[in-house]
Amino acid sequence: AIEMRATHCFFLDSDVIPPHNAVLRLLAHNQPIISGMYCRRSPPAAVPVMLKDNQWITQFPQGKVIEVDLVGAGCLLIQTDVLAKLPPQRDGAHWFDWRVDCPPLATQGLPPLSEDFTFCHHARQKGYKILVDTSIRCRHVGFAEADYGTFQPLDSRSHT
């Protein structure tokens, strides 16, 4: 994306179904890092994939843009110049660094986080805000579907 001079990178997980206009709505905010909202399918299920002060955020103003510490990359828009400006987190791990099952990294002061959370952690350390537009509600599907406050078996509706 940097070499192609793309202005943005949009990340969308294969099990996340955003509203049809999610990308346009995220672009309209003109923010370096902003996400739509989707909820966890694993415990704690039906909780938005966003954290503040190491806690899952369960109370927030509906339909607003909020600042968080960490967000998943299931529906995430990043301005490409953010990626160009961020230095590597460590050797061999520039932007997205999977650390969940890497205990030796904890001894180096690196928290054991998933790659999307490590990106947010690193970006925040470099002065970027991590924003979520809670009006962009995505479906998180699989054998079950999670939404804010609900977790239920997936029904037979179309998923497009």
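A quick note: this is a predicted structure, and the numbers were derived from the prediction, not measured.
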I need the full list of ring-ring contact (aromatic ring centres under 6.0 Å, His included) pairs touching residues 12-34, with sequence neighbours left out, sorted by first then second residue.
none
Apply side chain to side chain contact (heavy atoms under 4.5 Å, CB included) to [X] and list each qualifying residue two or more places apart in sequence or on a separate chain.
X: V23; answer: F10, L27
X: A1; answer: A6, C9, T80
X: Q125; answer: H121, H122
X: C120; answer: L70, V71, I130

Measure the shortest side-chain to side-chain distance between L131 and S35 over non-hydrogen atoms and say whether it is less than 4.5 angstrom.
no
Are any of the side-chain heavy atoms of I136 and L26 separated by less than 4.5 Å?
yes
What pairs meet the salt bridge (Lys or Arg N to Asp or Glu O under 4.0 Å) rule with one or both residues in residues 118-137, with sequence neighbours excluded?
D69-R124, R137-D147
Please collect all salt bridge (Lys or Arg N to Asp or Glu O under 4.0 Å) contacts where either partner lies in residues 19-42, sequence neighbours excluded, each pair once.
D15-R41
Results of ring-ring contact (aromatic ring centres under 6.0 Å, His included) for F11 - residues two or more places apart only
F96
With K85 via salt bridge (Lys or Arg N to Asp or Glu O under 4.0 Å) - residues at least two apart:
D81
Looking only at non-hydrogen atoms, find the nearest pair between C39 and Y148 and report the distance.
SG-N, 3.2 Å
Just distance, no hydrogens or angles: give the donor-acceptor pairs under 3.5 Å from side chains in residues 47-56, sequence neighbours left out.
none

Compile the donor-acceptor pairs under 3.5 Å between side chains in residues 57-65 and protein atoms, sequence neighbours left out, one pair per line.
none

Check: A73 main-chain N/O paired with D116 side-chain donor or acceptor under 3.5 Å:
yes
